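In this text, all values refer to a predicted model and were calculated from it rather than measured experimentally.
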Amino acid sequence: MEKPKFKTVQEVVAAGEGLPDRYLQAPIGDDNGIPLNASIPEMDIPAIDLSLLLSASEDGREELSKLHSALSTWGVVQLLNHGITEAFLDKIYKLTKEFFALPTEEKQKCAREIGSIQGYGNDMILWDDQVLDWIDRLYITTYPEDQIQLKFWPQVPLGFRETLHEYTMKQHLVIEQFLKAMARSLELEENCFLDMCGENATMDTRFNMYPPCPRPDKVIGVKPHADKSAFTLLLPDKNVEGLQFLKDGKWYKAPIVSADTILINVGDQMEIMSNGIYKSPVHRVVTNREKERISVATFFIPGADKEIQPVNGLVSKARPRLYKPVKNYVKLLNNYYLQGLRPIAASLI
């Protein structure tokens with residue numbers, strides 16, 4: 001049973017009541033005792049040209065090889081030439097910024113309800129001493145249309161709903177192309193991942209606001225986790241760092257990407273479908289003392305009615321099946337995530 005919701009972070013900051021203990025991480029930093037705001041190296045992830053990935057040319061084969069290497073080591077790529085213009089991506093960012101700048105009473109018109117993940121406000125608060133993340137968010141199911149709940153879609157700023165719908169349709173094309181490219185990079189039939197995700201696959205978009213934080217060494221924006229999705233499309237802040245990925249026990253910061261770039265990371269359900277070849281990376285968001293940070297993430301989630309399991313072409317004597325079949329993976333997520341555990345571990349054979 002979810003506990004009553006707390007003030008949003010923006011409300012805490014506006015009230016000038018200092019830093020509530022509920023946000024203080026313990027222990028601070030990571031397993032090596034490194035503070036959250038410590039300097040760390042930047043990850044080296046390639047820029048992948050989506051227009052080349054489905055080409056039969058030599059350049060296309062080279063791009064598929066780059067994709068395979070990046071997803072099997074980092075689980076993250078920068079995606080270029082995806083068909084969504086820089087001007088349109090900038091419009092999404094600006095509307096997000098405008099929404100979070102609205103008066104509290106306007107934002108509360110699409111407030112998250114107790115027990116629901118959709119809407120504006122905090123993440124779900126499931127127990128009394130749960131440490132809170134330094135984030136306000138608006139979480140909306142955007143696809144398919146029969147799962148949309150318009151009461152959570154802001155009517156202000158003007159054009160938000162129409163732009164989000166257009167963005168969803170544009171992303172859906174990218175998702176289909178990227179799923180085919182991932183299959184081709186593994187020398188599989190190109191529709192195999194699409195088919196396993198099914199016709200009831202969903203898209204959820206999460207608009208994130210991280211206000212400036214007085215103690216970035218002790219407060220985290222989003223606690224370490226891996227995504228529940230097949231994969232996630234992210235518009236990171238183009239000016240403020242914060243996103244970090246864990247690799248071989250060490251944290252690396254994601255690069256600031258160019259304005260026409262989408263960051264894509266593998267989710268748990270693709271790690272299962274790829275029989276562990278493509279990695280679902282653990283990641284977190286750290287806070288910034290001086291600057292707010294905004295990002296927009298879209299999760300592509302296989303249908304809850306579909307059985308997700310390693311694709312047959314990736315199971316052999318040399319590489320045995322690593323994961324059991326799983327249905328409705330998202331249901332596993334919340335309790336595991338809030339305990340700092342990975343639900344994918346429950347799927348291991």
Side-chain angles (χ1 to χ4, degrees), residues 25 27-49 63 65-80 133-135 178 182 185 206 208 210 213 215-271 274 276-299 337 340-345:
Q25 295 288 317
I28 305 306
D30 61 21
D31 294 339
N32 301 317
I34 300 170
L36 287 168
N37 62 341
S39 178
I40 59 172
E42 186 171 286
M43 61 200 298
D44 181 20
I45 50 171
I48 301 287
D49 186 331
E63 211 70 2
S65 178
K66 273 169 60 180
L67 179 70
H68 185 284
S69 174
L71 295 185
S72 56
T73 51
W74 288 104
V76 191
V77 293
Q78 303 179 56
L79 197 67
L80 298 170
D133 293 344
W134 194 260
I135 180 177
F178 197 71
M182 282 195 285
S185 72
R206 176 173 158 145
N208 305 305
Y210 306 92
C213 177
R215 293 301 303 267
D217 59 325
K218 290 193 171 187
V219 175
I220 199 159
V222 175
K223 62 177 67 67
H225 67 287
D227 287 347
K228 61 192 175 185
S229 56
F231 61 91
T232 302
L233 298 88
L234 179 71
L235 298 185
D237 198 298
K238 307 302 182 190
N239 302 301
V240 184
E241 292 177 347
L243 178 63
Q244 301 180 351
F245 288 89
L246 188 66
K247 184 175 185 294
D248 301 327
K250 295 181 180 177
W251 289 103
Y252 295 82
K253 63 183 179 183
I256 294 282
V257 299
S258 59
D260 60 348
T261 302
I262 295 173
L263 211 61
I264 288 187
N265 67 267
V266 172
D268 285 355
Q269 297 198 62
M270 179 54 68
E271 180 168 328
S274 70
I277 296 173
Y278 286 168
K279 308 300 182 192
S280 172
V282 171
H283 50 288
R284 69 184 184 185
V285 178
V286 297
T287 55
N288 188 291
R289 190 186 299 275
E290 286 86 27
K291 299 173 182 175
E292 70 178 28
R293 184 174 178 276
I294 284 172
S295 65
V296 181
T298 296
F299 307 99
Y337 163 59
L341 303 172
R342 294 196 63 185
I344 199 169

Give me the atom names and distance for the closest heavy-atom approach of [X] to [Y].
{"X": "Gly221", "Y": "Asp133", "value": "O-CB, 3.0 Å"}
{"X": "Pro236", "Y": "Ser295", "value": "CA-CB, 4.1 Å"}
{"X": "Phe178", "Y": "Leu71", "value": "CZ-CD1, 4.4 Å"}
{"X": "Leu80", "Y": "Thr261", "value": "CD2-OG1, 3.0 Å"}
{"X": "Ser280", "Y": "Ala226", "value": "OG-CB, 3.5 Å"}
{"X": "Val76", "Y": "Leu263", "value": "CG1-CG, 4.1 Å"}

Can you find a heavy atom in the side chain of [X] that is under 4.5 Å from one in the side chain of [Y]?
{"X": "Met270", "Y": "Met182", "value": "yes"}
{"X": "Asn265", "Y": "Asp227", "value": "yes"}
{"X": "Pro255", "Y": "Met43", "value": "yes"}
{"X": "Ile135", "Y": "Arg206", "value": "yes"}
{"X": "Leu246", "Y": "Pro224", "value": "no"}
{"X": "Ile48", "Y": "Gln78", "value": "no"}
{"X": "Trp134", "Y": "Pro216", "value": "no"}

Between [atom1] of [X] and [atom2] of [Y], what distance do you get to the nearest 0.5 Å?
{"X": "Ser39", "Y": "Asn37", "atom1": "OG", "atom2": "CG", "result": "10.0 Å"}
{"X": "Glu271", "Y": "Lys279", "atom1": "CD", "atom2": "NZ", "result": "6.0 Å"}
{"X": "His68", "Y": "Thr73", "atom1": "NE2", "atom2": "OG1", "result": "10.0 Å"}
{"X": "Gln244", "Y": "Ile40", "atom1": "CD", "atom2": "CD1", "result": "3.5 Å"}
{"X": "Lys218", "Y": "Thr287", "atom1": "NZ", "atom2": "OG1", "result": "12.5 Å"}
{"X": "Leu235", "Y": "Ile262", "atom1": "CG", "atom2": "CD1", "result": "6.0 Å"}

Considering the options Val286, Leu36, Val282, which one meets the side-chain contact (heavy atoms from CB on, under 4.5 Å) requirement together with Trp251?
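One option only clears the test, and that one is Val282.
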Using side-chain contact (heavy atoms from CB on, under 4.5 Å) as the criterion, point out the one residue from Val240, Asp237, Asn208, Asn239 that pairs with Ile294.
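When Val240, Asp237, Asn208, Asn239 are each tested with Ile294, the side-chain contact (heavy atoms from CB on, under 4.5 Å) holds only for Asp237.
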May I ask you to say whether Arg215 pairs ionically with Asp217, meaning some side-chain N is under 4.0 Å from a carboxylate O?
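So Arg215 pairs with Asp217 through a salt bridge.
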Identified salt bridge (Lys or Arg N to Asp or Glu O under 4.0 Å) counterpart of Glu241 within the set Lys253, Lys291, Arg293
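Of the listed options, the one satisfying the test is Lys253.
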Test your reading of the model: is there a side-chain donor-acceptor pair from Lys66 to the backbone of Ala47, 3.5 Å cut-off?
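Yes, because the side chain of Lys66 sits within donor-acceptor range (under 3.5 Å) of the backbone of Ala47.
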Determine the interplanar angle of the Trp74 and Tyr252 rings, folded into 0 to 90°, and report it as parallel if under 30°, tilted if 30 to 60°, perpendicular if over 60°.
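Trp74 vs Tyr252 ring planes: perpendicular.
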